[in-house]
Amino acid sequence: QVQLVESGGGLVQPGGSLRLSCAASRSGFSFYYMEWRRQAPGKQRELVARITSGGITTYADSVKGRLTISRDNAKNTVYLQLNSLKPEDTADYSCHVFPSNIWGQGTQVTVSS
């Protein structure tokens with residue numbers, strides 16, 4: 001089964017930027033629909049962004065214009081560029097093969113001054 005490994009989280013000030021990466025462990029990645037989801041303390045996990053195998057993207061209303069999902073099939077990697085970060089973006093961010101039960105371990109993003 002494919003494994004997903006995220007990286008790139010950290011502490012950033014409001015208005016700052018981060019780029020998250022999610023690397024898949026094997027080929028075939030180009031056929032997957034990939035998502036980034038996040039879960040803040042005390043809240044349900046929510047969809048942030050999705051990218052199809054053909055590169056079509058979908059975003060949650062709360063992140064449109066600030067977050068960008070992309071993929072590099074040659075590297076078996078999906079990215080999430082986070083710009084103009086707000087404290088409410090603080091959460092554990094996980095990548096996910098849609099639809100499946102394949103998840104990464106998550107990476108923490110904390111937006112605070």
Side-chain angles (χ1 to χ4, degrees):
Q1 179 169 299
V2 65
Q3 293 184 325
L4 304 175
V5 178
E6 298 103 333
S7 61
L11 173 64
V12 63
Q13 292 186 343
S17 298
L18 284 173
R19 189 175 81 154
L20 308 183
S21 300
C22 171
S25 62
R26 68 175 194 183
S27 61
F29 172 81
S30 63
F31 298 104
Y32 301 152
Y33 283 33
M34 297 297 298
E35 296 181 335
W36 283 97
R37 291 184 177 251
R38 67 186 181 186
Q39 187 168 23
K43 295 187 176 181
Q44 289 189 330
R45 185 179 288 173
E46 64 175 352
L47 175 67
V48 175
R50 179 183 297 151
I51 187 166
T52 70
S53 55
I56 297 172
T57 56
T58 306
Y59 296 94
D61 288 343
S62 60
V63 306
K64 283 180 180 177
R66 300 188 299 115
L67 275 58
T68 303
I69 189 171
S70 62
R71 65 191 302 158
D72 184 338
N73 291 333
K75 296 182 178 180
N76 291 344
T77 301
V78 63
Y79 303 98
L80 186 68
Q81 178 68 41
L82 300 88
N83 296 329
S84 302
L85 282 163
K86 305 175 181 181
E88 52 263 43
D89 294 316
T90 295
D92 185 72
Y93 286 70
S94 299
C95 61
H96 173 234
V97 177
F98 175 82
S100 79
N101 62 351
I102 301 170
W103 293 84
Q105 83 285 357
T107 186
Q108 178 67 35
V109 172
T110 302
V111 184
S112 175
S113 55

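In this chain, numbering begins with 1 at the start of the sequence shown.
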Rounded to the nearest 0.5 angstrom, the OH-SG distance for Tyr93 and Cys22 is 15.0 Å
Hey, is the main chain of Cys95 close enough, under 3.5 Å, to the side chain of Glu6 for a donor-acceptor pair?
-> yes
Heavy-atom donor-acceptor pair, Arg66 side chain to Ser84 backbone, under 3.5 Å | yes
Path from [X] to [Y] over hydrophobic side-chain contacts below 4.5 Å:
X      : Y     : result
Val111 : Tyr59 : yes
Val12  : Trp36 : yes
Val78  : Val2  : yes

Side-chain contact test, heavy atoms from C-beta onward, threshold under 4.5 Å: evaluate it for [X] versus [Y] and give yes or no.
X     : Y     : answer
Ile56 : Arg50 : no
Met34 : Leu4  : yes
Leu80 : Arg38 : no

Please step through salt bridge (Lys or Arg N to Asp or Glu O under 4.0 Å) for the pair Asp61 and Lys64, ending with a clear verdict.
-> CA-CA 5 Å; Asp61 288 343; Lys64 283 180 180 177; 3.1 Å; yes
Step through the shown structure and confirm whether more than 12 heavy atoms of other residues, nucleotides or ligands are within 6.0 Å of CD on Gln44.
-> no
Residue Gln108 excluded, over 12 heavy atoms near CD under 6.0 Å | yes
Disulfide bond (SG atoms under 2.5 Å apart) contacts touching residues 47-76 (sequence neighbours left out) | none
Does anything in residues 70-85 pair up under salt bridge (Lys or Arg N to Asp or Glu O under 4.0 Å), and if so which pairs, sequence neighbours excluded?
-> none
The remaining residues in the hydrophobic cluster of Phe98, counting side-chain heavy-atom contacts under 4.5 Å among Ile, Leu, Val, Met, Phe, Trp and Tyr, are Tyr33
